[in-house]
Amino acid sequence: MPTVARRSSSLSMARAAPTTITVGIFGGGTVGGGIVDILDKKAQYFTALTGHKIEVRKICVRDASKPRDFDVPSHASIVTSYDDIL
């Protein structure tokens, strides 16, 4: 019977100090706000899974003065130009 080599799971590989991946999101409505919420609420899970801390830094919207129905992270800024993210 052939021997199959097992790869270690990414959860066990993510033991080193996490580095930070910065993310920009296009849209601050239902979908964009949902992504921000998920990244915030599941931060420990994503760090354990990937070995990296994921941090939303910018959220690009059409109208920056419009109230958001999600909590904008303290380290994130609302921008209106997509060039600010790219």
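When reading the values below, keep in mind they use all heavy atoms of this one structure, side chains included, and skip hydrogens, waters and symmetry mates.
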- Query: If you look only at pairs with a residue in residues 59-72, which of them pass as a salt bridge (Lys or Arg N to Asp or Glu O under 4.0 Å), with sequence neighbours excluded?
  - Reply: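 Checked against salt bridge (Lys or Arg N to Asp or Glu O under 4.0 Å) - neighbours excluded - no pair reaches residues 59-72.
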
Gap between atom [atom2] of [Y] and atom [atom1] of [X] - 0.5 Å precision:
| X | Y | atom1 | atom2 | result |
| --- | --- | --- | --- | --- |
| L49 | I54 | CG | CD1 | 8.5 Å |
| I85 | I25 | CD1 | CD1 | 8.0 Å |
| R57 | H75 | CZ | NE2 | 7.0 Å |

- Task: With side-chain contact (heavy atoms from CB on, under 4.5 Å) as the test, would you mind laying out the steps for I38 and F46 before giving the verdict?
- Result: CA-CA 10 Å; I38 289 169; F46 290 127; 4.2 Å; yes

- Query: Transitively linked via ILVMFWY side-chain contacts under 4.5 Å: F70 with V23?
  - Reply: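 Yes, it is one cluster - the side chains of F70 and V23 are joined through contacts under 4.5 Å.
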
Apply side-chain contact (heavy atoms from CB on, under 4.5 Å) to [X] and list each qualifying residue two or more places apart in sequence or on a separate chain.
| X | answer |
| --- | --- |
| Y82 | F26, C60, L86 |
| D84 | K58, V79, S81 |
| I78 | I59, V61, A64, V72 |

- Pairs in or reaching into residues 18-43: which pass side chain to side chain donor-acceptor pair (under 3.5 Å), with residues at least two apart or in two chains?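 Qualifying pairs: T19-H52.
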
